[in-house]
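Below you'll find the structure, written out as structure tokens, and then a few comments.
Position 1 is the first residue of the sequence, and the numbers go up from there. Because the structure is a prediction, the values reported are computed rather than measured.
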Amino acid sequence: QVQLVESGGGLVQTGGSLRLSCGASEGTFSNYAIGWFRQTPGQERKFVAAVNWSRHSPLYADSVKGRFTISRDNAKNIVTLQMNSLKPEDTAVYYCAAAYQLSDNYFTYEYWGQGTQVTVSS
């Protein structure tokens with residue numbers, strides 16, 4: 001197994017930017033696809049973006065396409081989510097997760113971090 005931890009969340013105004021990071025506190029995820037999901041109270045955890053080990057053909061939810069960028073540095077064992085032009089509807093707890101296959105499906109991911117809060121004010 002791999003233990004994941006997210007960081008970089010915070011409070012920003014509409015139109016601002018945040019950069020989230022996902023790292024392995026234990027083990028390595030260099031051989032996994034890494035995805036970002038987000039969740040608000042009472043709602044299902046929703047896909048945001050994902051990238052495989054090769055860093056090619058990343059996946060993005062339509063709601064974030066053109067605003068968010070996912071990238072990874074396999075040598076540093078870090079995946080980042082650069083979030084620009086943030087909107088209030090981006091407010092959520094953001095989770096990173098590891099899977100054996102690149103996917104936008106929640107159930108594909110086997111290992112999850114504990115999440116980091118992102119709040120975007122109007």
Side-chain angles (χ1 to χ4, degrees):
Q1 294 188 1
V2 60
Q3 299 294 119
L4 305 178
V5 60
E6 304 92 341
S7 63
L11 174 64
V12 297
Q13 293 182 310
T14 297
S17 297
L18 282 174
R19 187 175 187 177
L20 306 183
S21 296
C22 175
S25 61
E26 183 175 313
T28 178
F29 55 58
S30 62
N31 57 332
Y32 293 100
I34 302 296
W36 285 94
F37 291 75
R38 63 188 183 187
Q39 187 173 28
T40 56
Q43 297 183 340
E44 296 181 351
R45 195 166 297 185
K46 297 180 179 179
F47 174 77
V48 176
V51 63
N52 64 18
W53 64 270
S54 70
R55 307 186 307 280
H56 297 303
S57 300
L59 302 178
Y60 295 97
D62 288 341
S63 59
V64 306
K65 196 171 297 182
R67 299 187 297 122
F68 292 11
T69 302
I70 188 170
S71 61
R72 70 188 296 169
D73 186 330
N74 290 332
K76 295 182 178 180
N77 209 29
I78 295 174
V79 172
T80 63
L81 183 69
Q82 179 66 47
M83 306 186 296
N84 299 324
S85 301
L86 284 163
K87 305 174 181 179
E89 52 262 44
D90 295 318
T91 296
V93 176
Y94 283 70
Y95 301 86
C96 68
Y100 292 108
Q101 299 283 346
L102 185 67
S103 175
D104 61 1
N105 191 313
Y106 171 89
F107 295 102
T108 303
Y109 293 82
E110 298 188 17
Y111 309 109
W112 294 84
Q114 293 183 309
T116 185
Q117 177 70 47
V118 171
T119 302
V120 185
S121 62
S122 300

Heavy-atom closest pair, residues [X] and [Y]:
X: Val2; Y: Ala98; value: CG1-CB, 4.3 Å
X: Thr91; Y: Gln117; value: CG2-NE2, 4.0 Å
X: Ile78; Y: Ser21; value: CG2-CB, 4.5 Å

Residues in side-chain hydrogen bond (donor to acceptor under 3.5 Å, both in side chains) with [X], at least two apart?
X: Ser71; value: Thr80
X: Tyr109; value: none
X: Asn52; value: Ser54

Practice prompt. Give a yes or no on this: more than 12 heavy atoms of other residues, nucleotides or ligands lie within 6.0 Å of atom CD of Glu110.
Written response: yes
Quick check on the hydrophobic clustering: are [X] and [Y] connected, directly or via other members, by side-chain heavy-atom contacts under 4.5 Å?
X: Leu20; Y: Val12; answer: yes
X: Val64; Y: Leu102; answer: no
X: Tyr106; Y: Val79; answer: no
X: Phe68; Y: Tyr95; answer: no
X: Leu59; Y: Phe107; answer: yes

Practice prompt. Go through the steps for Trp36 and Glu6 under the test side-chain contact (heavy atoms from CB on, under 4.5 Å), then give the verdict.
Written response: CA-CA 10 Å; Trp36 285 94; Glu6 304 92 341; 3.8 Å; yes
Discussion item. When you compare the side chain of Arg38 with that of Ser63, does any pair of heavy atoms fall below 4.5 Å?
Written reply: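 Ser63 reaches Arg38 side chain to side chain.
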Fill in: Close side-chain approach of Asn31 and Trp53, heavy atoms under 4.5 Å
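They are not in side-chain contact.
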Worksheet item: If you round to the nearest 0.5 Å, how far is SG of Cys22 from CH2 of Trp112?
Response: 10.5 Å
Worksheet item: How many angstroms lie between atom CD1 of Ile34 and atom CG of Leu4, to the nearest 0.5 angstrom?
Response: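 Result: 6.0 Å between the selected atoms.
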Worksheet entry | Aromatic ring proximity Tyr94/Phe37, centre distance under 6.0 Å |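 No, ring centres 6.0 Å or more apart.
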Which side-chain N or O atoms in residues 41-49 pair as donor and acceptor under 3.5 Å with protein atoms at least two apart or in another chain?
{"from": "Gln43", "atom 1": "OE1", "to": "Thr40", "atom 2": "OG1", "distance (Å)": "2.3"}
{"from": "Arg45", "atom 1": "NE", "to": "Gln39", "atom 2": "OE1", "distance (Å)": "3.1"}
{"from": "Arg45", "atom 1": "NH2", "to": "Gln39", "atom 2": "OE1", "distance (Å)": "3.1"}

Practice prompt. Applying side-chain contact (heavy atoms from CB on, under 4.5 Å), run through Thr108 and Tyr100 and close with a yes or a no.
Written response: CA-CA 8 Å; Thr108 303; Tyr100 292 108; over 6 Å; no
Worksheet, complete the sentence: Sorted by chain and number, sequence neighbours left out, salt bridge (Lys or Arg N to Asp or Glu O under 4.0 Å) with Arg19 holds for none
Would you mind writing out the side-chain donor-acceptor pairs for residues 81-88 within the sub-3.5 Å range, not counting sequence neighbours?
{"from": "Gln82", "atom 1": "NE2", "to": "Asn84", "atom 2": "OD1", "distance (Å)": "3.0"}
{"from": "Asn84", "atom 1": "OD1", "to": "Ser17", "atom 2": "OG", "distance (Å)": "2.9"}

